[in-house]
> 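Have a look at the structure that comes next, please.
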Amino acid sequence: MLPITKVSLEALQPLENTTQVKLVSIPSYDFTYIGLNLRNAPLNYPKFRMAMMFAFNRPRMLSQALGSYGRSLGPGLLSSAYSTVGWPTVNDQYAYDPAKARGLLDGEGFNETTTSSFRIDPSTNESLRMMTIISRLTQPQEVAAASSFAEDMRHIGLPVVSLPMSDIDFNEALRTYTFDIFVDSQSANNAPTWLYSLFDSKNDLNPAPLSTNLVGYSNSTYDKYAAQLLTSNRPDELRNAAEKCQEILAADLPVLPLFSEDFVIAVNPRLTISQIVGSASETIRNSVIEILKNPGFSPPLRIGIAPGVENLDPTLASNQADWIALGLLTEPLVAMDEQGNLKPALAQHWTVSPDGKVVTMVIRQNATFYNGQIVTVDDVVGTLNWLTKNVKPSSPLYPIMMEIKRADVLDQKTLRIALTQSDNSAIDAFTNLFALPSSRLSTVSPEPDLAVSQLLVSSGPLVLHQFSQSNGVFMQLNNLYFGKPLNFENINAFLGDTLQGFQLSSGSLVTVSSQPLIVETQAVANASYSVCIYDQNGTQIDCAAGVYAGQGTYAASFPVDARFHQGTYWIEGTLYGNLPDGNFMVVEEKTMTVRSSPLFALIILALLIIGAGVIVVRRMSKRPREKRHRRARRSLRRLRNSGD
């Protein structure tokens, strides 16, 4: 299974011409457009913009950039995917007509001359100034669209040149408004609230934050209808507001529409894909779940992603690969059905207040993390408030988290989410939100590595085993998610929790990690760490030295081999080091159970091809935590008294 984005048509041709791969095309809510800096002449003339639309051969551009893997975008900017959920779209009245474009320019005084290939600017009686259309080199379709647009503009005497640039330079140009024309793509969900974010005049801010009115558009009538998209809870009024917004955009043309690019997934023809309109990540998530439910499926399952997984921290992660991986690791608050409508997931049901400022959710009571721990309302509330404080602008969660003022627990099943503004469609952005254990959120450093600190606890269909930016992500089946008994080859014991009931097979690997060791907000990186395992008689079976894993966390690993027999074993981990005011030692203990069983089949999310293992944590208190803490304090006092 291979999601394909931002790939040239030439790269797709080998996949189109083979029977070994099936290409699945999914309509998208996302759209690509040409933004115009309306603060600058001559782009501030509406009829000048209309002339550009008539002169732009969009069907040819679409064919060259996307072939059959995209759809033409109308001047109201709603992609064809919106029709599946009932939103209205307006007709495209700007068919390719260079003669009409020339007539509009002549009528506004932008006359042609015999001495220059470019038209005259009526405000200066000189040739029009040169204008650039910028695009990102990392987005080949956008570069191709910009080049095609510039060529068509020059054919009617408008001096426009294409200027592809690095992402850093492109983003800086937008942030500082030092652009004439740009090509950009907008991520969108099944509620077109971006009609407010991108074009409401109140959002014309400098420097531009994310998802704001970059082009500087201002129309008070438009503002009224755009506000209704956030505040109305009447379906007929919402539909009318969306239609009016599109009609006004089609008349004013603050931006020029390009296309809506389909999500394309290349799959093994034997695999069944559950298509979800408007979402590649939801399509992959639902498809993986259905594939794994099929008793006839033979693992491993490989998902290749280009570009690869870069960061599994949801406060930072920005590319599609990251969010596909996170979607397989976590259960979302809400999900989407095949038509792109919302359906329950972790949230059993929800309501939005009449003023659109409060969302109330009831959490499903049988949801668990992969270690058997129940997902509680406290976990959901803690995660939402943690994300609100820590999310970065690079994350797709940033817009919705900036709308969330706070989340509060109402009772053991219910939470309340207060929004900073009225937005009856805010729930549509909750498909990327999930829960992490609240007990761990309180102990992480301000800039945690979620994989290293083991904060990224799975509640979804798969469990994280290994992640590296160079190799990719390995995952394995979350048995509890599929209603199967816990039956694992590997464990990861998290010091600070108590563990029992691990089902290990010979040949497995035990990895024991410490809690993040933080002293006065600083991660301690100079401690030594060791782990020992004892059998039922107290006999030491094995010890392993640990290494520093980062963010104050240490880890040690050892194999389960012939020395281990069926039964219960005791794990003891010790952190020992020096602080400025003396020595310290931290001791934690827990149990594991070894039994004889065949290895479970491997499931992989991969840029990698093969991997092995499962990480699992289970909570149980064999020895009260306070008792263990007293033992650690006594050890510390003995060390200090002895002067060691």
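Side chains are part of it too, since the values below use all heavy atoms of this structure and drop only hydrogens, waters and symmetry mates.
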> When you measure from the side chain of R71 to the backbone N and O of A81, does any donor-acceptor pair fall under 3.5 Å?
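Pair absent, no side-chain N/O of R71 close to backbone of A81.
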
> Checking Q141 against T32: is there a side-chain donor and acceptor pair closer than 3.5 Å?
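Checked: T32/Q141 side chains show no N/O donor-acceptor pair below 3.5 Å.
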
> Checking R239 side chain against G86 main chain: does a donor-acceptor pair fall under 3.5 Å?
yes

> Do N424 side-chain atoms and T231 backbone N/O form a donor-acceptor pair below 3.5 Å?
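Present.
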
> Given side chains that start at C-beta, do those of L198 and T212 come closer than 4.5 Å, heavy atoms only?
no

> Could you give the distance from CG (L38) to OH (Y45), rounded to the nearest 0.5 Å?
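The CG atom of L38 sits 13.0 Å away from the OH atom of Y45.
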
> What donor-acceptor contacts under 3.5 angstrom involve side-chain atoms of residues 22-31, with partners at least two apart or in another chain?
{"residue": "S25", "atom": "OG", "partner": "D262", "partner atom": "OD2", "Å": "2.8"}
{"residue": "S28", "atom": "OG", "partner": "D30", "partner atom": "N", "Å": "2.8"}
{"residue": "D30", "atom": "OD1", "partner": "A188", "partner atom": "N", "Å": "2.9"}

> When you measure from the side chain of T132 to the backbone of I134, do you find a donor-acceptor pair of N or O atoms at a distance under 3.5 Å?
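No, the answer is negative, given that no donor and acceptor are paired below the 3.5 Å cut-off.
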
> First locate atom CG of N233, then atom CG of D355, and finally report the distance between them rounded to the nearest 0.5 Å.
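With rounding to 0.5 Å, CG (N233) is 9.5 Å from CG (D355).
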
> I'd like to know whether D223 forms a side chain to side chain donor-acceptor pair (under 3.5 Å) with S201, so could you lay out the CA-CA distance, the side-chain angles of the two residues, the decisive distance to 0.1 Å, and finally the verdict.
CA-CA 7 Å; D223 291 348; S201 60; 2.5 Å; yes

> Okay, side chain of T283, backbone of I276: is any donor-acceptor separation there less than 3.5 Å?
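Indeed, once roles are kept as given, a pair shorter than 3.5 Å links the two residues.
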
> Mark yes or no for whether S147, through its side chain, and V143, through its backbone, hold a donor-acceptor pair below 3.5 Å.
no

> Sorted by first residue and then second, give each side chain to side chain donor-acceptor pair (under 3.5 Å) pair with at least one member in residues 161-176; sequence neighbours left out.
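Of all non-adjacent pairs touching residues 161-176, those that pass side chain to side chain donor-acceptor pair (under 3.5 Å) are T138-D167, S166-D169, E172-R175, T176-T178.
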
